[in-house]
Amino acid sequence: MSVVDRPIASPVSPEADSYPTHHFLNHSKGFLSWALTLDHKRIGLMYLVGVMASFALGGLFALMIRIHLWNFKDGWLSNQTYNQVFTLHGAIMVFLFIIPSVPAALGNFLLPIMLGTKDVAFPRLNLSSFYLWVTGLVLFLTALSVTGLDTGWTFYTPYSIETSQGGAVLAATFGVFVLGFSSIFTGLNFIVTINTMRPPGMTWFRMPLFLWAVYATSIIQVLATPVLGITVLLLSAERLLGIGIFDPKLNGDPVTFQHFFWFYSHPAVYIMILPAMGIISELMSVHCHKGIFGYRMIAYSSIAIALFGFLVWGHHMFTSGMADVTAVVFSALTFTVSIPSAIKVFNWLGTMYQGTVSLNTPMLYALAFIFLFTIGGLTGLPLGALSTDMHFHDTYFVVAHFHYVMMGGTLVAFLGGVFHWWPKMTGRMFNDKLGMVSAIIVFIGFNMTFLPQFVLGSRGMPRRYATYLPEFQPLHQLSTIGSLTLGAGLFLALVVLLLSLVNGKKAPRNPWGGATLEWMCSSPPPHDNFSSAPTVGDPYDFSDIEYDGRVGSYVKRS
Amino acid sequence: MTAIQETHSTTDHHHGDDHHHDHPSWLAHHFDDAEQQYDSGKLGMWLFLVTEVLFFSGMFCAYALYRNRNPEVFEFCSSFLNEKLGAINTGVLLFSSLTMAWAVRAAQLRQHQLLVGMLGATLGCAAIFLGVKSVEYSHKWELGLLPGKFYVAQLEGHHGPHKGYLEMLCAVPALITFLLAAYAVYAWATKSIFHQRVAGPLLTAGICFFGGVLLGQYLEAQEEASKSHGGHHEHHAMAQGHVDHDSHEHAAASDTHTHDHGAPAVPEVSPAVAMGGSPDVYVASEEVNTPKAEVNQRSMAGLFFSIYYCMTGVHAIHILGGMLVISWLIIKAAREEFHEQYFGPVDNVGLYWHLVDFIWIYLFPLLYLIT
Amino acid sequence: MAHTNAHAENAHTDSHDVHHGHGSSHGDHHGFSHPMPIWMLLSVFFALLFLTGLTVFQAQFDLGNAEIWMSLIIATIKAGLVILFFMHLLWDKPLNAIVILGSLIFVALFLGFTLMDAEGYREKLIFKSTITESQPGYKDPATLAAEEAAAATGK
């Protein structure tokens, strides 16, 4: 593999290429022009700010947990507060950050541009989806500040029925309900946009793989999220009216609650990871300057993951008292999901092979993703197997596993995507050296945090405990040091991005050499995306794209 | 054609779209043509219906689970639901589906008056449905047939003290009807054709609600009468039994006038059968329609009524939502906005309305017709 | 009908450069609109009414286990009529049919797995009584516990 360090932004003369004076950011001014905008790019940016703020909040809770666990007992939080903190960490990260992160923020910004349309099919629905998200945020913060939610993000009954924090459960479940609709509307919008609004020439197999991934995600959002809606609605009714459907005291069935919950929440795992995989497909191909390897297999595997994702929810419930037959069936089905996931990983590696790799910030994050996601995926197998899961269930092994997938996978890909499309979104180049440093710190910090947790879990450290046995202390302390390192790395990434707004160079049209449509319009894009209908070609054909030093940008050789 | 030019712009959300002046006002700027706009809206609506189907599937799942587990509870409790009211409501909803489908046709053929009329008929049917439903609900609440932990039914078959639930349910519709009547007076006073076209159907719908209430009350009273003849002598055994902690004053008040009124459907009351910890009691139950003591408790009958209220309640909320959007359509239709290039809103609201009907088609036999 | 056709053509000339890149082309002059004949609407409605009567009628008889299937079959026929005619699916794009029918597969999956599992662990369930002291059939907690213990050792 040859690694060529290409200049990513050389000094440019402003008159070369087109640095637009008029674009979507300055198209109209004033607070209301943002608050009431129907422009998918502005909505995407508002989402981006929102999910990043949520991530910061959830991340602070995570650090509180890790600092609390420095000593094996007498941490700085009370046990009750500890329960509330890990609940809010989980609920905020899942519902407010990961699920909307890639599809709602990056997807909203990119989907119509990559597709070559002016907007999504239903711009008003798009804006209402954003405000539903804001409402969900407010409800969650209410749950946080008025009382404390201590049920865990899963709201398992009967505890969620009996806990004294009834108001918090109500506020949070209603928040989840609202966020669910936000998610449904986004997914619905994307499916319709991709189905009915593709311009002439944009066939299904000329769509960038990111769009395939977002499309698959949207299918899950539309099909699974309503079940979450009815689940939390019934749970609210349980708290308000004592309907008893999930309450064992009234002969309700709490295992059914788990079925209802995981029918959504397992596919939701793929809502989180699929768009991240889409980002990696783009990043790998663009920064290796080589057509994606196995385009159709990656596209099909996205759809396959979305569909298989509906068949495996029972593997969260092996120890809940479910029937033996169901457990065996779910365990067997669980292994099928590993096939399309592995197909993707092999195809990304195949893309890198003999590519011309530009080792820059987005690429470093993409490489980190492949490494971390592979660990996360492989450690899922012992959890899907019945016998080993009996031992690992509800231990730190599970915690480490899903953090490798959710954080090592989705978050790292999200960061890679943000760095990759930052010049397009803001029109500014960031400091690539510092960005690479942030990627390396994040990678080291992440592994230091969660690798020890695999060991802890396999030795029997249960999750969600505020205290632990003294012999686990060294590994816990290592994990805490790792989490602080990780926090520092993420903070640095944020600083790099924010600094670029202050003193970043103006971004050229195509700083990385991408062939998809978003690189054909100016940075930042104009209000209506394309002044004239774009010509659609192969999104991964890099043969006629070359670096032009005079304009500091990649250009299409004509 | 004038209607098209008159329409208020629906695409005024972008400033400076100078190059889109060739778009008619009903065509959003980001669509190429009317058909693309229509197809997008329609696919979006079908996807929304998918989410609705999955949303309701959760409650159907709970229904199937508990019915399978305790069939005799469902059989017993279903006898408290008034089959006649359910059947009439089914007919009303089916008719509203007909008028809605007809409305779509009218929109496509530019039959503006007919369109307003058909939408008004649909709205009126929805109001009748809710009126009947209010009678059903309030009747059950008076009997203490409440969900889950609030279930306090007294099976000896008298009404509890009249709680005025029906009046409570009618208060908001009464207020709305009053406001609509005021609006109608304004419309006729100002002689505005548009306002008359809007106020007419809306006011009719408001009145229809109370028609539904009267119809429901009449049928409910009829049912009561027929039940009280058949079942009067059978209520003694339970009279002592089913008093709950929380309802002592209720029970005390009612003890004085036991046997006064007709009974709800309690076909036969046997002395209590021992209640064990084993589910076999339910599985092996052979005598269907026999309300054993263990059926008439919160964890059994209460659970049925939880499911009943959840399913019909969420369905009723969908009816309410449907009424809102149909009212919006009536306003647009009164402005004569629809034509063969732009009838998507009518079509899509129609799809939604048919789905609400669709759900009820399943709810009716599953809840009311268990024998 | 001629009246409406004239309108349709006017509208076509008004709107800009209609291109048919999306979706199927239609032979008739309504463009993409497809008004349902009134006789069809009415016959579907009366068929639905008839089926409602039928389902009420069959509920009079105690068919045992077959009863629920009978009423479900009738309900499904009614639902089919509503979807195909009132909701116009018969003339709609195939994609919309796939979308709504596909959702039923997922409903089946959801209900199927959940109910299969519930049936599987049913024998492990312990039902709680909420019969209060004043009700017949009441047993004090000690008796219940003893019975449960006896049942447990019996197995």
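Every value quoted in this text rests on a predicted model; they were computed, and no experiment measured them. Throughout, protein chains are lettered first and strands after them, A, B, ... in sequence-line order, and every chain is numbered starting at 1.
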From [X] atom [atom1] to [Y] atom [atom2], the distance as rounded to the nearest 0.5 Å:
{"X": "C:Gln60", "Y": "B:Glu83", "atom1": "CD", "atom2": "CD", "value": "6.0 Å"}
{"X": "B:Ile361", "Y": "C:Leu48", "atom1": "CD1", "atom2": "CG", "value": "6.0 Å"}
{"X": "B:Gln108", "Y": "C:Ser33", "atom1": "CD", "atom2": "OG", "value": "4.5 Å"}
{"X": "C:Thr114", "Y": "B:Leu65", "atom1": "OG1", "atom2": "CG", "value": "8.5 Å"}
{"X": "C:Thr76", "Y": "B:Phe358", "atom1": "OG1", "atom2": "CZ", "value": "8.0 Å"}
{"X": "B:Leu94", "Y": "C:Phe45", "atom1": "CG", "atom2": "CZ", "value": "6.5 Å"}

Minimum heavy-atom distance between B:Ala101 and C:Leu41, given as atom pair plus value: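 For B:Ala101 versus C:Leu41, the nearest heavy atoms are CB-CD2, 3.6 Å.
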
Over all atoms of both residues, closest heavy-atom pair of C:Leu115 and B:Ala64: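 Closest pair (atom of C:Leu115, atom of B:Ala64, distance): CD1-CB, 3.7 Å.
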
When C:Ala118, C:Ser71, C:Ala79 are compared by non-hydrogen pairs under 4.5 Å with chain B, the top option: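 Looking at each option in turn, the highest pair count goes to C:Ala79.
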
Ring geometry between B:Phe343 and C:Phe32 (parallel below 30°, tilted from 30 to 60°, perpendicular above 60°):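 C:Phe32 and B:Phe343: parallel rings.
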
Set of residues satisfying salt bridge (Lys or Arg N to Asp or Glu O under 4.0 Å) with respect to C:Glu67, sequence neighbours excluded: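 Once residues adjacent in sequence are excluded, the partners of C:Glu67 under the salt bridge (Lys or Arg N to Asp or Glu O under 4.0 Å) criterion are B:Arg67.
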
Which region of [X], side chain (C-beta onward) or backbone (N, CA, C, O), has a non-hydrogen atom less than 4.5 Å from a non-hydrogen atom of chain C, or is it both or neither?
{"X": "B:Leu366", "result": "side chain"}
{"X": "B:Val50", "result": "both"}
{"X": "B:Asp347", "result": "neither"}

Part of [X] lying under 4.5 Å from any heavy atom of chain B:
{"X": "C:Leu51", "result": "neither"}
{"X": "C:Glu119", "result": "side chain"}
{"X": "C:Ile74", "result": "neither"}

Donor-acceptor contact present, side-chain B:Arg105 to main-chain C:Pro35, <3.5 Å: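 No, because the side chain of B:Arg105 does not come within donor-acceptor range (under 3.5 Å) of the backbone of C:Pro35.
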
Does the side chain of [Y] come within less than 4.5 Å of [X]'s, by heavy atoms?
{"X": "B:Trp46", "Y": "C:Leu89", "value": "yes"}
{"X": "C:Leu42", "Y": "B:Trp102", "value": "yes"}
{"X": "C:Thr52", "Y": "B:Phe364", "value": "yes"}

Residues of residues 84-93 of chain B near chain C, each having a heavy atom less than 4.5 Å away: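 Residues B:Ala87, B:Thr90, B:Gly91 are the ones that qualify, each having a heavy atom under 4.5 Å from chain C.
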
C:Leu72 and B:Tyr362: CA distance, side-chain angles, deciding distance, side chain to side chain contact (heavy atoms under 4.5 Å, CB included) verdict: CA-CA 7 Å; C:Leu72 278 182; B:Tyr362 281 97; 3.9 Å; yes

Which of B:Ser57, B:Gly302, B:Ala107, B:Gly58 touches chain C most, by non-hydrogen pairs under 4.5 Å: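 Counting heavy-atom pairs under 4.5 Å, the top option is B:Ser57.
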
From CA spacing to verdict: side chain to side chain contact (heavy atoms under 4.5 Å, CB included), C:Arg122, B:Asn68: CA-CA 10 Å; C:Arg122 180 169 170 165; B:Asn68 188 34; 3.7 Å; yes

List, one per line, each side-chain donor-acceptor pair under 3.5 Å for residues 80-87 of chain C, sequence neighbours excluded.
none

Return a table of donor-acceptor pairs under 3.5 angstrom between the side chains of residues 94-103 of chain C and protein atoms on other chains or two or more places apart.
residue  : atom : partner  : partner atom : Å
C:Asn96  : ND2  : C:Asp92  : OD1          : 3.0
C:Asn96  : ND2  : C:Asp92  : OD2          : 3.4
C:Ser103 : OG   : C:Ile100 : O            : 2.7

